[in-house]
Q: 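The structure follows.
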2 protein chains.
Amino acid sequence: MGRWQPGARERLEQAALDLFLEQGFTETTVPQITARAGLTTRTFFRHFADKREVLFAGEESVPEQVARFMAEAPPSLGPMELITEGLAPAAAEIFEGRSLDYLLRRRAVIDAEPALRERELRKFSLMAEALEQGFRDRGVDDLTAQLAAELAVTTFRIAATRWLNQHGDPDLPATVNQTLAAMRHLTNTLST
Amino acid sequence: MGRWQPGARERLEQAALDLFLEQGFTETTVPQITARAGLTTRTFFRHFADKREVLFAGEESVPEQVARFMAEAPPSLGPMELITEGLAPAAAEIFEGRSLDYLLRRRAVIDAEPALRERELRKFSLMAEALEQGFRDRGVDDLTAQLAAELAVTTFRIAATRWLNQHGDPDLPATVNQTLAAMRHLTNTLST
DNA sequence: CATAGTCATGGCATGTCGTGTCATCACTAT
DNA sequence: ATAGTGATGACACGACATGCCATGACTATG
């Protein structure tokens, strides 16, 4: 018991994902997860704010990634140019390090549970806030910054979904650019 | 006690909103709400699936409104034309019947509580799904339907927020159209 | 080598949420 | 009248989440 369970967090994440796939999210209790990971219930809530968070660990850094990405981009780019050129590489960076299989299993769990879908929406909302702030820092006015941020996140989200639906082929940057092209085509029909 | 507490639902909504404003959402317990409304805790959960839903009653009909609105629009309109012409009146219809004061108080509560912001995001997600289905029913391909739906909902959401920020003046349709104009301007910078 | 300090964990108590179940009462239809 | 319907009351209960304190393992310092 004392200190240190190396990888306790990782074991909890793994046990939780397995159990969610086997039995469903609602049917799985926190004591079941901690029993499989060899820990106690109280410890689970020290690592994760609530039961859902065990599926979203590590995504706290995404807003920072977004902010850094925007700060490093050439200041001369307008918001729409930045999206067109930067969204695909940024998307690749966000998913880097996670296997396609893990992402597919994780999404199966999330899709099956409304409470988890809500949490997923919040993730994208946080991304949009970071993007919006980044645009404002580049001198874009508030309304345009918000619109551009939401446009980018929406495109990213739809592209990521499509990418998983087609099991990773074509790859994510290509899918993002296809989705951007479709968005461009759609909005061009408005410019009359 | 037997049957019938006329307006039980409405009294619960009113008591809940008041208490949330006085003490905050988390600090307010369901027994406190039901005590103020003269009912029991069990009855609360017969009217609302969970504590948050008391703030979202009546919004189940929004997806149906959206579907009807789209079905009634001229079939000749393309997705972007439909948004340009239909979003402002549709937005007006959605908020019709609720006082600006109620909407502002309600938003103050929602903004203060992450769990309620998540629920709000789900509401817009449901709107987008209804819109997407509507576009598909009009013969639009899947990707374009999804993009157009998300674009419309995003514009609506941003416009509604701005409208409340400016306390209702200018009115919602005007604000929607201003927001649409800004979106048009933003995306036009992409059409090179 | 000893001692104090730090930190993840265990264990316990507690409050709130949300649901299942059954009884009861008011009103309605026949 | 009598049976049916539907909202409510009352109770039990499990799961989630948090506060609090104790403990044991590792670390730093003398």
Side-chain angles (χ1 to χ4, degrees), chain A residues 1-58 60 109-110 112-119 122, chain B residues 1-58 60 109-110 112-119 122:
Chain A
M1 338 182 149
R3 185 186 210 174
W4 221 29
Q5 286 281 13
R9 198 186 184 88
E10 289 71 19
R11 283 205 324 270
L12 286 168
E13 289 177 32
Q14 187 63 52
L17 181 58
D18 291 345
L19 284 166
F20 294 163
L21 282 166
E22 292 169 18
Q23 324 178 334
F25 177 81
T26 307
E27 292 69 25
T28 302
T29 66
V30 175
Q32 282 178 337
I33 300 170
T34 53
R36 185 171 291 204
L39 294 169
T40 62
T41 301
R42 190 63 187 87
T43 298
F44 179 93
F45 289 107
R46 285 206 184 84
H47 284 282
F48 308 103
D50 62 66
K51 192 177 158 189
R52 299 179 307 170
E53 290 304 307
V54 71
L55 283 169
F56 294 87
E60 319 83 24
V109 173
I110 291 175
E113 180 63 40
L116 295 173
R117 285 205 297 271
E118 278 192 26
R119 177 60 181 82
R122 188 178 138 225
Chain B
M1 333 175 163
R3 183 185 211 172
W4 216 30
Q5 285 281 12
R9 198 184 184 86
E10 290 70 20
R11 269 185 302 139
L12 285 169
E13 290 177 32
Q14 186 64 51
L17 181 58
D18 290 346
L19 283 166
F20 293 163
L21 282 166
E22 292 170 17
Q23 323 176 329
F25 177 82
T26 306
E27 292 70 26
T28 301
T29 66
V30 175
Q32 282 177 335
I33 299 170
T34 53
R36 185 172 290 203
L39 294 169
T40 63
T41 300
R42 190 65 186 86
T43 298
F44 179 92
F45 289 107
R46 285 205 183 85
H47 284 281
F48 307 102
D50 62 64
K51 192 177 156 189
R52 298 179 307 170
E53 290 304 306
V54 71
L55 283 169
F56 294 86
E60 319 83 24
V109 173
I110 292 174
E113 179 63 40
L116 295 173
R117 285 206 297 270
E118 277 191 27
R119 178 60 181 80
R122 189 179 133 218

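Here is how names work: the chains are called A, B, and so on, in the same order as the sequence lines, proteins then strands, and each is numbered from 1. When reading the values below, keep in mind they use all heavy atoms of this one structure, side chains included, and skip hydrogens, waters and symmetry mates. Nothing here was measured: the structure is a model prediction, and the numbers come from that model.
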Q: Listed by chain and number, what are the side-chain contact (heavy atoms from CB on, under 4.5 Å) partners of Glu22(A), not counting sequence neighbours?
A: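 Counting only residues at least two positions away or on another chain, Glu22(A) forms a side-chain contact (heavy atoms from CB on, under 4.5 Å) with Asp18(A), Leu19(A), Arg36(A).
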
Q: Does His47(B) put a side-chain nitrogen or oxygen below 4.0 Å from OP1 or OP2 of dA7(D)?
A: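 So the side-chain polar atoms of His47(B) never come under 4.0 Å of the phosphate oxygens OP1 or OP2 of dA7(D).
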
Q: Only counting residues at least two apart or in another chain, list the ones meeting side-chain contact (heavy atoms from CB on, under 4.5 Å) with Ala8(B).
A: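 For Ala8(B), the residues satisfying side-chain contact (heavy atoms from CB on, under 4.5 Å) (neighbours in sequence not counted) are Gln5(B), Arg11(B), Leu39(B), His47(B).
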
Q: Atom CD of Glu53(B) and atom C1' of dG18(C): how far apart are they, to the nearest Å?
A: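 These atoms are roughly 13 Å apart.
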
Q: Does some side-chain heavy atom of Val30(A) sit less than 4.5 Å from a side-chain heavy atom of Phe45(A)?
A: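 Phe45(A) vs Val30(A): side chains touch.
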
Q: Please examine the side chains of Leu17(B) and Val109(B), heavy atoms only from C-beta on, and report whether any two atoms are closer than 4.5 Å.
A: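 Yes, their side chains come closer than 4.5 Å.
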
Q: Kindly say whether, by distance alone, the side chain of Arg46(B) makes a donor-acceptor pair under 3.5 Å with the base of dG9(D)?
A: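 For Arg46(B), whose side chain was compared with the base of dG9(D), there is a donor-acceptor pair (under 3.5 Å).
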
Q: Rounded to whole Å, please give me the gap between CD in Glu113(B) and P in dT16(C).
A: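 It works out to 15 Å between those atoms.
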
Q: With sequence neighbours left out, which residue pairs that include part of residues 24-33 of chain B fulfil the salt bridge (Lys or Arg N to Asp or Glu O under 4.0 Å) condition?
A: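 Found none.
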
Q: Mind checking side chain to side chain donor-acceptor pair (under 3.5 Å) for Thr26(A) and listing every partner two or more places apart, or none if nothing turns up?
A: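 Applying side chain to side chain donor-acceptor pair (under 3.5 Å) to Thr26(A) gives Glu113(A).
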
Q: Atom CG of Asp50(A) and atom C1' of dT18(D): how far apart are they, to the nearest Å?
A: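 Interatomic distance, CG of Asp50(A) to C1' of dT18(D): 13 Å.
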
Q: Just wondering, do Leu116(A) and Phe20(A) contact through their side chains at under 4.5 Å, heavy atoms?
A: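 Answer no - side chains too far apart.
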
Q: At a heavy-atom distance below 4.0 Å, what parts of residues 29-45 of chain A sit against DNA chain D?
A: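 Only Thr29(A), Val30(A), Pro31(A), Arg42(A), Phe45(A) qualify.
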
Q: What residues from residues 7-28 of chain A pass a heavy-atom cutoff of under 4.0 Å to DNA chain D?
A: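 Of all residues in residues 7-28 of chain A, the ones placing a heavy atom under 4.0 Å from DNA chain D are Thr28(A).
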
Q: Would you check if Phe25(A) and Ile110(A) make a side-chain contact, meaning some heavy-atom pair closer than 4.5 Å?
A: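 With C-beta onward as the side chain, the pair stays apart.
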
